[in-house]
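Below is one structure, written out as structure tokens, with a few remarks after it.
Since the structure is predicted, the reported quantities are computational estimates derived from the model, not experimental observations. Indexing begins at 1, ligand by ligand and atom by atom, following the structure's order.
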Amino acid sequence: MEGLLKGRRVLVAASGSIAAVKTPLLVSALVKAGAEVRCVVTKSAAELVSPLALATLSRQPCLQDSDQWDAARPRPLHIELAEWSELVIVAPLSASSLARWVHGDGEGLLASLLLACECPVLAAAAMNTAMWQHPAVQRNWHLLQQDPRVLPLQPEGGLLACDRIGTGRMADPGQIELAAASVLLQTDAVGSIARDWQGRHVLVSAGPTQEGLDGVRVLSNRSSGRMGVLMAQAARLRGASVDLVHGPLQVPVSWLEGLRCQPVQSSAAMGDCLDQLQPSADAVLMCAAVADLRRVEPEGSVDPKMSKDQLLQAMESGWELVPDLLGQLAGRRPEGQLVLGFAALAGSEEHLLSRGREKLLSKGCDLLMVNPIDRPGQGLESSQNGGWLLGPAEEIEACPPQHKLELAHHLLNCLRRLAA
Ligand SMILES: Cc1cc2nc3c(=O)[nH]c(=O)nc-3n(C[C@H](O)[C@H](O)[C@H](O)COP(=O)(O)O)c2cc1C
């Protein structure tokens with residue numbers, strides 16, 4: 001999350017779940033991203049993760065309940081920490097700490113700090129599946145979701161430390177870091193976290209497609225899929241339920257948590273998958289870099305591996321244009337569905353704008369983000385993107401190069417305005 005967390009004051013708190021062994025990874029990632037980090041542990045968490053490790057990684061003392069009762073402190077520690085924090089991350093959040101929090105019980109440093117802070121709070125629950133499914137925990141989790149300043153991160157499924165396979169694993173530190181950056185980008189003056197996509201179904205395509213030449217070789221492009229995956233996560237973190245149809249990605253696996261992923265390889269498979277998911281979507285965000293050409297399927301079975309001579313021959317004949325997925329999709333969209341497209345182009349600003357306008361009209365989407373791929377430090381494979389956003393009434397908005405997560409939120413804001 002290069003740049004987005006730099007200089008931000010983040011308090012990381014761990015409560016008594018075995019997932020606290022992953023808290024040092026989160027602290028380390030936040031510090032590497034340039035955040036100022038302070039750590040708090042509950043008494044149980046201090047049994048499970050070393051406060052010394054957290055102090056070392058955060059370059060600050062790791063604070064515990066005993067520090068709250070220090071007569072040398074001129075101000076109450078929980079108030080000082082609450083006022084210092086721009087964001088509090090509770091990772092992991094145990095069943096007990098959740099219960100204390102939603103019932104307004106301030107016993108202990110973490111509990112009193114959570115009641116005192118007015119900044120946004122990210123809370124990543126972690127516990128055994130039976131504990132998680134217990135009606136009392138579910139009621140408390142539901143109560144937590146009512147707080148506009150809190151972004152609760154559901155536990156994931158998988159193998160738990162208690163040997164059970166089920167829901168209960170804490171969100172990955174990489175996912176929590178992403179959510180932290182997203183919350184800091186999208187919080188209003190009173191600390192409320194944007195949930196304006198709640199109840200919406202968003203369909204996103206991301207990454208390149210690969211068109212097979214033979215059984216081993218493919219024609220593809222250098223798209224990493226970052227822009228699409230971050231668009232999908234931005235929508236999810238603002239409350240949407242998200243399907244992501246993607247080609248081969250070069251993003252951390254943790255960035256896919258919480259998305260319904262449909263991995264595909266070819267443009268035809270991507271088209272089929274989008275076909276099925278499109279009817280129920282409120283918005284379709286076409287960020288994938290679909291290949292332009294594919295081999296005309298040879299008669300019979302695909303050659304497992306052509307010789308170099310056969311390959312040269314094949315390159316000279318038997319090619320066809322890949323169908324225009326964005327155009328097809330926009331053409332058959334149901335009433336009220338919003339469609340955003342991306343166009344990766346090279347050349348002068350004038351050329352990009354005129355090609356972009358042609359594409360917006362020919363494809364029939366609501367918004368088209370024209371992003372140059374020949375400027376250093378932005379576009380394909382980069383963490384930054386920028387360009388021009390073209391709208392239906394000839395509007396042109398210049399978007400300076402910025403982190404792809406920031407651009408994703410900006411584009412979601414523009415779509416919300418169109419829907420209003
Ligand atoms: C080894 C061990 C692992 C535990 N793991 C969890 C857990 O994953 N989630 C949870 O809610 N409680 C877990 N507990 C129970 C909590 O630590 C216990 O409820 C404690 O009171 C939590 O207090 P705290 O929220 O103040 O840290 C675990 C306990 C032990 C001994």
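In terms of polar-atom proximity, Ser97 is counted as a contact of ligand 1, with an N or O under 3.5 Å from an N or O of the ligand. Looking at Ala95 next to ligand 1, an N or O pair under 3.5 Å apart turns up. At least one N or O atom of Ser17, backbone or side chain, sits closer than 3.5 Å to an N or O atom of ligand 1. Ligand 1 has a nitrogen or oxygen under 3.5 angstrom from a nitrogen or oxygen of Ala126.
With a 4.0 Å cut-off on non-hydrogen atoms, Glu47 does not touch ligand 1 at all.
Protein heavy atoms are found less than 4.0 angstrom from atom 6 (C) of ligand 1. Put simply, atom 28 (C) of ligand 1 has protein non-hydrogen atoms near it, under 4.0 Å away.
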Exercise for the section: Decide yes or no on salt bridge (charged side-chain N to carboxylate O under 4.0 Å, His left out) for Lys22 and Asp172, but give the supporting numbers first. Expected result: CA-CA 8 Å; Lys22 296 191 211 156; Asp172 188 275; 5.8 Å; no
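Using a non-hydrogen distance threshold of 4.0 Å, Arg100 registers as a contact of ligand 1.
When the options Gln198, Gln233, His409 are evaluated for a side-chain hydrogen bond (donor to acceptor under 3.5 Å, both in side chains) with Arg238, the one that passes is His409.
The closest heavy-atom contact to atom 2 (C) of ligand 1, among the options Val137, Leu48, Leu110, Val90, comes from Leu48.
Counting protein heavy atoms only, atom 4 (C) of ligand 1 is closest to Gly16 O, 3.9 Å.
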